[in-house]
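Structure record follows, encoded as structure tokens.
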Amino acid sequence: MLQGCDASILLSHKGSERRAKVSKTLRGFRIIDEIKAEVEKKCPKTVSCADILTAAARDATVVAGGPFWEVPFGRKDGKISSAREANRLVPQGHENVTTLIQIFRDHGLNILDLVVLSGAHTIGRSSCDAINHRLHNFNGTRKADPSLDTKYLNSLKKKCAASSHVYVDLDATTPRIFDTAYYTNLGRNMGLLSTDQLLNSDARTGPFVSVLASQPLVFSSQFAASMVKLGNIGVLARPNEGEIRFKCSSVNRAY
Ligand code: HEM
């Protein structure tokens, strides 16, 4: 994804994005391989892994109760995937809002896209690794991050005390439902990642958080629109660009 929407994250050779430290908690690779195998049986050499991944993200959203959107197809799969680039460029949850805005802008996404797409954290989980710095000695203060609700902080401390390999829900109230609880939680100082919580307090992003918290239909329709934008970044579609992989985890061999 670093180069664009080209399924480079699925490649699993030594030194690929998927092997990067920042990718270690990614999951779902096997289901993508299974979908690809079924599609190849019915319609060989036609559907790219990038298209499968984009459709799967849409379908998973729908299953969780989120909106449907038409996915434009025709992406090719990339041949380049770098762990070093992933470690350098993937945001990890401790950035400031200026950096987040910059990262999104570099990919043609605006501040509304940033706030709306962060709403994907209505689903899923994070390792304690990504939040431990908020729980103890935040910025060298020897105290926890003051923007964390006290009860929530205590529950996180308890869960993460066991091991840093424990996972916690990104949406503390409805982690399996695609809804606006992610945004209402931010209003109650219950954002899990510091990047989530900062979206609420920053003057550039806070007004969007308030609107999205109270208007589920605005969130659904804008999430769909921003996901289409995300899925169109850096698409390889011209005849001499990329390839349609036979197997999503490796580039095609030259014969
Ligand atoms: C704004 C910048 C973003 C930051 C800083 C960020 C950060 C993170 C972090 C730290 C995790 C936990 C992963 C771990 O512990 O290894 C996570 C999980 C997740 N993120 Fe983001 N993310 C961002 C944007 C997005 C976007 C744009 C989407 C999708 C549209 C997204 C969807 C998810 C999902 C679904 C999970 C849960 C994964 C799972 O349960 O396995 N994130 N994110």
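Model, not experiment: these values are computed from the prediction. We count ligands from 1, going down the list as the structure has it; atoms in each ligand are counted the same way.
Counting heavy atoms under 4.0 Å from ligand 1, residue Tyr167 does not touch it at all. Proximity of Asp129 to ligand 1, defined as any heavy-atom pair under 4.0 Å, is not found for any part of the residue. Contacts with ligand 1 closer than 4.0 Å are made by side-chain heavy atoms of Leu114 only, the backbone lying farther away. Under 4.0 angstrom from ligand 1, the non-hydrogen atoms of Ser118 all belong to its side chain.
Residue Leu117 has at least one heavy-atom neighbour below 4.0 Å for each of these atoms of ligand 1: 26 (C), 27 (C), 28 (C), 30 (C). Residue-ligand proximity, Gly124 to ligand 1, at heavy-atom distances under 4.0 Å covers atoms 37 (C), 40 (O). Shown in contact with Gln92 at under 4.0 Å from a heavy atom are these atoms of ligand 1, numbered in order with element: 10 (C). Which parts of ligand 1 touch Leu170 is read off a 4.0 Å heavy-atom cut-off, strictly below it: atoms 18 (C), 19 (C), 36 (C), 37 (C). Per-residue contacts place Phe104 under 4.0 angstrom from the following atoms of ligand 1 (heavy atoms of the residue considered): 1 (C), 2 (C).
Scanning all protein heavy atoms for the shortest distance to atom 30 (C) of ligand 1 gives Ala120 CB, 3.7 Å. Nearest protein neighbour of atom 3 (C) of ligand 1, counting heavy atoms only, is Pro91 CG, 4.2 Å.
Across all their heavy atoms, Asp77 and Ala50 have their closest contact at OD1-N, 2.8 Å. The shortest heavy-atom contact between Ala57 and Met227 is CB-CE, 4.3 Å.
For atom 9 (C) of ligand 1, the candidate residues are Val115, Leu193, Asp196; the nearest heavy-atom contact is made by Leu193. The nearest non-hydrogen atom to atom 24 (C) of ligand 1, considering only Arg27, His121, Arg125, Lys24, comes from His121. Taking each of Val90, Leu192, Thr25 in turn, the one with a heavy atom nearest to atom 14 (C) of ligand 1 proves to be Thr25.
A single hydrophobic cluster is not seen to contain both Val168 and Ile123; linkage of ILVMFWY side chains at heavy-atom distances under 4.5 Å, directly or through other members, places them apart.
When each of Asp106, Thr99, Thr98 is tested with Gln102 by the rule side-chain hydrogen bond (donor to acceptor under 3.5 Å, both in side chains), just one qualifies, namely Asp106. With Leu156 as reference, Leu192 is the one residue of Val166, Asn132, Leu192 to meet the side-chain contact (heavy atoms from CB on, under 4.5 Å) rule.
Between Ser127 and ligand 1, an N or O atom pair is found at a separation short of 3.5 Å.
Taking a cutoff of 4.0 Å between a charged side-chain nitrogen and a carboxylate oxygen, Asp149 and Lys151 do not qualify as a salt bridge. Salt bridge present: Asp129 and Lys24 bring a charged side-chain N and a carboxylate O closer than 4.0 Å.
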* Asked: Would Ser81 and Arg19 satisfy side-chain contact (heavy atoms from CB on, under 4.5 Å), going step by step from the backbone distance to the final call?
  -> CA-CA 10 Å; Ser81 179; Arg19 301 277 193 100; over 6 Å; no
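Taking 4.5 Å as the limit, every side-chain heavy atom of Ile244 sits out of range of all side-chain heavy atoms of Val47.
In this structure, the side chain of Arg18 does not engage the main chain of Leu11 through any donor-acceptor pair within 3.5 Å.
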